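Remember, it's 1-based here, ligands and their atoms both numbered in the order they're listed. Note that the structure is predicted; figures quoted are calculated from it, not measured.
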Amino acid sequence: MAKAQKDVAEKVRAQIKTPKRYVVYLLNDDYTTMEFVVKVLMLYFGHNARAAFDIMMKVHEEGRGVCGAYPFEIAETKIAQVHTHAKANNFPLRAFMEEE
Ligand code: TYC
């Protein structure tokens, strides 16, 4: 294959690489109510009441728990929504992300 052709093939390969995903976690704290955390998990992460309760209890008992995995900008937006909603309700709830 000619070099120019190889360059094009490499460019296409790079472009179609699957985008990285980022795992969003919630952190435990002593002040945010369990009810508020369950609502956050349902509202911003699409979990049903049972799944949201289970995730909330995992965070409560183990310190952190997985909310979901998303492309970077979506993970970033969800984290900002959690922080804004928590702040508006005077809770210190924090979320963060890690590359999957
Ligand atoms: N630990 C909190 C309580 O006992 C509940 C809680 C759960 C807070 C999960 C934050 O991400 C969290 N009220």
Side-chain angles (χ1 to χ4, degrees):
M1 207 190 281
K3 181 173 186 313
Q5 247 178 316
K6 277 189 187 161
D7 287 349
V8 171
E10 169 52 25
K11 199 172 176 190
V12 169
R13 191 198 63 77
Q15 283 170 346
I16 64 174
K17 253 202 317 197
T18 50
K20 285 179 188 166
R21 285 163 70 87
Y22 294 80
V23 180
V24 175
Y25 296 89
L26 278 184
L27 281 173
N28 190 34
D29 67 72
D30 292 338
Y31 305 102
T32 308
T33 63
M34 292 181 168
E35 187 191 1
F36 186 82
V37 176
V38 169
K39 279 189 191 151
V40 161
L41 285 161
M42 293 176 72
L43 193 58
Y44 299 116
F45 298 96
H47 294 292
N48 63 34
R50 177 175 299 223
F53 182 82
D54 290 347
I55 295 167
M56 180 282 294
M57 283 309 294
K58 188 177 173 71
V59 179
H60 178 67
E61 287 168 358
E62 298 178 17
R64 63 148 81 170
V66 173
C67 306
Y70 310 93
F72 185 85
E73 279 85 0
I74 294 176
E76 200 174 45
T77 300
K78 288 184 185 294
I79 291 168
Q81 286 171 327
V82 170
H83 291 167
T84 300
H85 189 51
K87 219 175 234 177
N89 288 274
N90 296 312
F91 288 129
L93 182 64
R94 301 302 294 176
F96 70 99
M97 67 167 120
E98 253 176 18
E99 194 183 317
E100 197 169 54

Item checked: Identity and separation of the nearest protein heavy atom to atom 9 (C) of ligand 1 -> Val59 CG1, 3.5 Å
Notebook entry, point to check: Does the side chain of Tyr22 reach to within under 4.5 Å of the side chain of Phe96, using non-hydrogen atoms?
Noted result: no
Note to self: Show the nearest heavy-atom pair for residues Ala69 and Arg21, with the distance to one decimal.
What the structure shows: O-NH2, 2.9 Å
Note to self: Around atom CZ of Phe91, are there more than 12 heavy atoms from other residues, nucleotides or ligands closer than 6.0 Å?
What the structure shows: yes
Next item on the list: Distance to 0.1 Å, residue and atom name: give those for the protein heavy atom nearest to atom 5 (C) of ligand 1.
Entry: Thr32 O, 3.4 Å
Notebook entry, point to check: Looking only at protein heavy atoms, which one is nearest to atom 7 (C) of ligand 1, and how far off is it?
Noted result: Asn28 OD1, 3.7 Å
Notebook entry, point to check: What are the atoms of ligand 1, with element, lying closer than 4.0 Å to any heavy atom of Leu93?
Noted result: 10 (C), 11 (O), 12 (C)
Item checked: Asp29 N/O under 3.5 Å from ligand 1 N/O -> yes
Note to self: Contact between Leu26 and Val37 at the side-chain level, heavy atoms closer than 4.5 Å - yes or no?
What the structure shows: yes
Next item on the list: Ignoring angles and geometry beyond distance, decide whether His60 reaches within less than 3.5 Å of ligand 1 through its nitrogen or oxygen atoms.
Entry: yes
Notebook entry, point to check: Given side chains that start at C-beta, do those of Tyr44 and His85 come closer than 4.5 Å, heavy atoms only?
Noted result: yes
Notebook entry, point to check: Charged N to carboxylate O under 4.0 angstrom, Lys6 versus Glu10?
Noted result: no
Note to self: Measuring from atom 11 (O) of ligand 1, which candidate in Val37, Asp30, Leu27, Leu26 has the nearest non-hydrogen atom?
What the structure shows: Leu27
